[in-house]
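Remarks on the structure that follows.
Counting convention: from 1, in listed order, for ligands and their atoms alike. For the single chain, residues carry numbers from 1 onward in sequence order. As the structure is a prediction and not an experimental result, all values here were calculated from the model.
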Amino acid sequence: MSDPTEQGYFTEENSAGVVISRNANAKDPRLSEVMAALIKHMHGFVKEVEPTQDEWLQAIMFLTETGHKSDDWRQEFILLSDVLGVSMLVDAINNRKPTGASESTVLGPFHVPDAPERPMGSDICLDGKGDKMLVKGRILDTEGNPVARAKIDVWQTNDDGFYDVQQKGIQPDFNFRGVFRTGEDGAYWFWGARPRSYPIPDDGPVGKLLGALGRHPYRPAHVHYIIDAEGMETLVTHIFDPDDAYIHSDAVFGVKQSLMAEFTLVEDADRIAQEGVDAPFYEVIHDFVLAPA
Ligand code: BEZ
Ligand code: FE
């Protein structure tokens with residue numbers, strides 16, 4: 001048998017080797033490497049689990065349903081990758097940061113690329129709901145220098161726990177979204193509402209799987225950021241509320257100790273007047289350190 005793609009008949013014992021060698025003429029070496037690892041691990045998985053025919057069909061029907069549930073707005077496969085911890089593992093592998101740089105976390109499916117650029121200090125709450133929150137800090141490099149002209153793209157749910165894109169026609173477009181640009185001092189600040197924990201979409205096969213596994217679908221309260229600046233690595237991250245009930249059981253494993261922020265209630269009358277609001281508000285001060293590109 002000189003043809004490397006013909007390694008004899010398939011048996012239970014040699015299954016992975018026979019399939020992998022059939023792909024010996026793959027043109028792309030990376031595809032070949034990826035498929036060989038996939039086949040090796042899948043055959044190993046099947047040999048460990050020994051599924052019945054019915055169980056295998058159940059797995060296929062689950063993936064079929066996951067595809068059927070997905071469209072331009074709903075990505076059930078991303079949710080599946082998220083709840084299995086795979087999204088966070090891919091994120092960790094691709095974002096090994098130098099010492100001192102802020103850590104990344106999962107992007108999630110609710111970022112929109114065309115959120116409006118707003119003047120620094122704007123309120124991204126367009127529906128008037130929730131407890132007022134002022135978020136501020138600086139964008140720095142790993143030497144502690146301010147990063148000028150950094151683009152800060154933020155988004156969060158409204159006080160009912162939904163992103164605007166989940167409630168089109170109910171929430172104003174771009175509610176709780178904004179893009180801000182730092183000046184020479186690297187400072188940023190904007191108003192929002194204190195975030196709340198919310199469930200990831202759980203009305204599909206992934207939600208059913210979570211239920212069957214005895215898991216809840218909640219993410220602890222957070223605000224999303226994508227921070228971009230010339231010569232710097234893009235940072236995709238969140239800040240989290242450490243007092244949230246779900247902080248130790250995020251459905252998608254996105255929490256990191258360094259991403260905890262402090263949500264301080266400001267009740268001082270002078271500060272309230274100074275900020276131009278008429279009631280106590282929450283204040284969050286959080287700096288981000290960007291790694292060099
Ligand atoms: C989010 O935080 O927006 C999110 C992340 C993963 C899955 C669902 C939502
Ligand atoms: Fe989120």
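By the 30° and 60° cut-offs, the orientation of the rings of His216 relative to Tyr218 is tilted.
Judged purely by distance below 3.5 Å, without hydrogens or angles, the side chains of Ser15 and Lys47 pair a donor atom with an acceptor atom. With no hydrogens or angles considered, no side-chain donor-acceptor pair links Ser104 and Thr237 at under 3.5 Å.
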Which atom pairs, donor and acceptor, lie under 3.5 Å between side-chain atoms of residues 18-25 and protein residues at least two apart or in another chain?
{"unit_1": "Ser21", "atom_1": "OG", "unit_2": "Gly17", "atom_2": "O", "d": "2.8"}
{"unit_1": "Ser21", "atom_1": "OG", "unit_2": "Val18", "atom_2": "O", "d": "3.2"}
{"unit_1": "Arg22", "atom_1": "NE", "unit_2": "Thr5", "atom_2": "O", "d": "3.1"}

Exercise for review: Give the C-alpha distance, both sets of side-chain angles, the deciding distance and a yes or no for side chain to side chain donor-acceptor pair (under 3.5 Å) between His238 and Arg219.
Suggested key: CA-CA 12 Å; His238 305 356; Arg219 297 215 63 206; 2.9 Å; yes
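Listed by chain and number, Leu79, Asp82, Gly108, Pro109, Phe110, Tyr163, Tyr198, Ile200, Arg219, His222, His224, Val252 each place a non-hydrogen atom less than 4.0 angstrom from ligand 1.
When side chains are defined from C-beta on, Glu117 counts as touching Arg181, because their heavy atoms get closer than 4.5 Å.
Below the 2.8 Å limit, the Fe ion (ligand 2) has as protein N, O or S neighbours Tyr163 OH, Tyr198 OH, His222 NE2, His224 NE2.
Note that CG of Asp82 is 10.0 Å distant from CD of Gln75, once rounded to the nearest 0.5 Å.
Applying the ring-ring contact (aromatic ring centres under 6.0 Å, His included) test to residues at least two apart or on different chains, the pairs with a partner in residues 81-128 are Phe110-Tyr163, His111-Trp155.
Using a 4.5 Å cut-off between side-chain heavy atoms of Ile, Leu, Val, Met, Phe, Trp and Tyr, with links allowed through other members, Tyr188 and Met133 fall into the same hydrophobic cluster.
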